[in-house]
Amino acid sequence: MLVHLNRIILTIFISIITTLSFADSQHSHGANTNYLKTDWSFEGIFGTFDRASLQRGYQVYQDVCAGCHSVQHLSYRNLSEKGGPEFLPEEAKAIAAQFEVTDGPNEDGEMFIRPGRLSDKFVKPFPNAKAAAAANGGAYPPDMSVLAKARKGGADYIYSLLMGYEEAPTGYELDDGVYYNKYMPGNKIKMAEPISDGIVEYADGTETTKAQISKDVTTFLVWAADPHLEARHKMGFKVFFYLIILLTLVYLSKQKVWSQFGSKEEKEEEEAFDKAERVVTEYEGEDPKTFK
Amino acid sequence: MSEEKYVPKTKLAEWFDSRLPLLSLSHHLRSYPTPKNLNYWWTFGGILTFCLITQIVTGIILAMHYVAHTEHAFASIEHIMRDVNYGWLMRYVHSNGASMFFLAVYIHIFRGLYFGSYKAPREMIWIIGLAIYLLMMATAFMGYVLPWGQMSFWGATVITNLFSAIPLIGESVTNWLWGGFSVDNPTLNRFYSLHYLLPFLIFGLVILHIWSLHIPGNNNPVGIDVKKGSNETMPFHPYMVMKDLTALLAFLLLFFAFVFFLPDFLGHPDNYIPADPLITPAHIVPEWYLLPFYAILRAIPSKLGGVIFMFASIFVLAGLPWLDSSKVRSATFRPLYRKFFWVLVVTVVLLGYLGAKPPEGIYLILARIATAYYFIHFLILLPLLGRYEKTDPLPMSISDPVLDKPGVMDKFKEMAGKYEGENVGSFK
């Protein structure tokens, strides 16, 4: 009966798992999720950002993306902070000063325009989402502050999307202002291919292939979404180092404390003796202590 | 080890303790007798207390920087993540802490199911525990709404809409919950208020949970009563304190692996997109720990039916002490129940998996079968098992299973031989 039950349960489980894996394979529709794999320096528990790549990535953002995409949660001061692109404070100041910021009201009650400061948030290309959508054929170019966290696949997805523009397959219909992308869910994207070979010029002499530029801007976006990533990894390592030592010490103390209650072997012997005493008593029909 | 009464050592202690017996309480907590055979599955109560306190402490700090307004909530979370000193740490501990809290509570509940901890005389502990679990789900759900991302907004919309299934008054109730005609700023504001309140109610219930535990004392893996005042129990301090601490530190390794190295793994990417009432996400899914109930909700063809079955799936647990009629507590001695227990575990995991899938085709069929089985387990199998299952013989005491180990009797004979100065075998 029990053996049968085991077999029945096992058969049911195996058939459920088979059915589900079949259903899942049928169900992966639309988007290609086999993202291009890249060796990101920020991955893994010791991951850090490639400083030069972040600085180049900022340049790509500013030259290519910033016309449509905001990063409203970043401040100019972040550019010189530890764990980021680490521009020199003067460089970050100069970058901020390139932008015009509306401030005010002043003492006359008027709003006025002044050059940007380190404490300012990144200036947005459009005053609001509606204006951004209106200027972009009705599609809102998403704010990129946390884009790397807001998309399944993260960095790999963004990089693949930038590299994934293709001619639409024959017979595939695309409206005006809509482009075909291998990695976009649904394959239709309203952003024209933003990056091509040589679209920016790097001051440090790095070659400006499409792949290199895409990699740099993706790195920048991952940092923008997670500016404390390096601090987090560093603290995580220390925490684990400390925890493992503490756990070892606490475990050994626990063993020591418990041994004071009587070691396991001693207890087993003691209990074996108690039980055997009972057995012998039953067998002999009398108290074994009276043997002597 | 029996529990000795607290005897004040000084006049001052006596004066104080006779007016407010805090010293007696402290003495009781330290000397509380626990069965010596408790295994590591029994350490999750301590881990859960730690989780609750962690959530409250990190939550209070987050509340100092969070803004409960639809226009500012998302940005205030980003402010915490970027500008507040160690804000990212507080928030990641809080958000992953919720998941760890539920992981621990599920282990705690299934431990109770396996070893029959809900049976007499421990029904009150079990029922208070269920109340805590319900409040935990409500708190976690409302907490998930606060960042005001896409999943926050649409999760809140789906769950609050469930109340509209109530006949006649459904719509008014839903509007009352929303504070308007849709999920909006008033909803966010009251969720914030309740999210801050409920953890303290949970804290109060935890005290009752522990109080009601300290009346009958712990169940144990063998499931038979321990003889108090014998060497079958050991004082809570230092024995259980050290064991709980060991388990807690091991648990923290997992906890911090998520916090520091996979902080967004358990969340949904869509919740980093600010809430937009005009764009519905492709799949609205709750956090992983609510998925089994979400699967049950969607498995029932009617909305009201789904809501009823979802709530029933939790309330049926409250009837467990009476539905399970077997006198034997521990599954160790219940060969059939042991199998059905594992089938139930797999069923719940399966429901969780299906809760994350669209409710169509084979997913829907399986979700219906699994839902049916879930209720069959509690309402039919358990009452029948208690009547017809042939249980294994119970040991005389919690120490007894040790004696069934091979070799122990031989060892005894050897010892007894030494004692008597001759071979025991020759007794015959």
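These values consider heavy atoms only, across backbone and side chains, with no hydrogens, waters or symmetry-generated copies. Quick caveat: nothing in here was measured; it's all calculated off a predicted structure.
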Taking the side chain as every heavy atom from C-beta outward, state whether [X] and [Y] have any pair of such atoms under 4.5 Å apart.
{"X": "Val146(A)", "Y": "Ile273(B)", "answer": "no"}
{"X": "Lys243(B)", "Y": "Val250(A)", "answer": "no"}
{"X": "Leu5(A)", "Y": "Phe340(B)", "answer": "yes"}
{"X": "Glu78(B)", "Y": "Ser145(A)", "answer": "no"}
{"X": "Met81(B)", "Y": "Lys149(A)", "answer": "yes"}
{"X": "Ile9(A)", "Y": "Trp342(B)", "answer": "no"}
{"X": "Asp83(B)", "Y": "Arg77(A)", "answer": "yes"}

State whether the number of non-hydrogen atoms from other residues, nucleotides or ligands found under 6.0 Å of [X] atom [atom1] is greater than 12.
{"X": "Tyr86(B)", "atom1": "OH", "value": "no"}
{"X": "Tyr373(B)", "atom1": "OH", "value": "yes"}
{"X": "Asn128(A)", "atom1": "CG", "value": "yes"}

Side chain, backbone, both or neither of [X] within contact of chain A (heavy atoms, under 4.5 Å):
{"X": "Val241(B)", "value": "neither"}
{"X": "Ala247(B)", "value": "neither"}
{"X": "Leu354(B)", "value": "side chain"}

>> Tell me whether the rings of Tyr239(B) and Trp258(A) are parallel (<30°), tilted (30 to 60°) or perpendicular (>60°).
In response: perpendicular
Of the non-hydrogen atoms in [X] and [Y], which two are nearest, and what is the gap between them?
{"X": "Pro238(B)", "Y": "Val257(A)", "answer": "CG-CG1, 3.6 Å"}
{"X": "Phe256(B)", "Y": "Leu243(A)", "answer": "CD1-CD1, 3.6 Å"}
{"X": "Met242(B)", "Y": "Ser253(A)", "answer": "CE-CB, 3.5 Å"}

>> One pair to check against side-chain contact (heavy atoms from CB on, under 4.5 Å): Asp226(A) and Trp88(B). What are the steps and the verdict?
In response: CA-CA 9 Å; Asp226(A) 200 358; Trp88(B) 58 269; over 6 Å; no
>> Can you tell me which residue among Leu252(B), Leu248(B), Thr246(B) is in a side chain to side chain contact (heavy atoms under 4.5 Å, CB included) with Leu247(A)?
In response: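 It is Thr246(B), the one option of Leu252(B), Leu248(B), Thr246(B) that forms the side chain to side chain contact (heavy atoms under 4.5 Å, CB included) with Leu247(A).
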>> What verdict does the side-chain contact (heavy atoms from CB on, under 4.5 Å) test give for Leu253(B) and Ile244(A), after you've listed the backbone C-alpha separation in whole Å, the side-chain angles of each residue and the deciding distance to 0.1 Å?
In response: CA-CA 8 Å; Leu253(B) 285 176; Ile244(A) 287 169; 4.0 Å; yes
>> Heavy-atom pairs under 4.5 Å with chain A - which of Lys357(B), His79(B), Gln150(B) has more of them than the others?
In response: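 Ranked by contacts with chain A, first place is Lys357(B).
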> So, does His228(A) use its side chain to make a donor-acceptor pair with the main chain of Arg82(B) at under 3.5 Å?
Replying inline: yes
> To the nearest 0.5 Å, what is the distance between CZ (Phe22(A)) and CD1 (Ile362(B))?
Replying inline: 10.0 Å
>> For the CG atom of Leu20(A) and the CG atom of Leu366(B), what is their distance to the nearest 0.5 Å?
In response: 5.5 Å
> For the candidates Ile16(A), Leu229(A), Ile45(A), which exhibits the highest count of non-hydrogen atom pairs separated by less than 4.5 Å from chain B?
Replying inline: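 Highest number of heavy-atom pairs under 4.5 Å: Ile45(A).
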> Which of residues 231-241 of chain A have a heavy atom under 4.5 Å from any heavy atom of chain B?
Replying inline: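 Result: Ala231(A), Arg232(A), His233(A), Met235(A), Gly236(A), Phe237(A), Val239(A), Phe240(A).
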> chain B heavy atoms under 4.5 Å from Ala148(A): which part of the residue, side chain, backbone, both or neither?
Replying inline: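 Neither part; nothing is under 4.5 Å.
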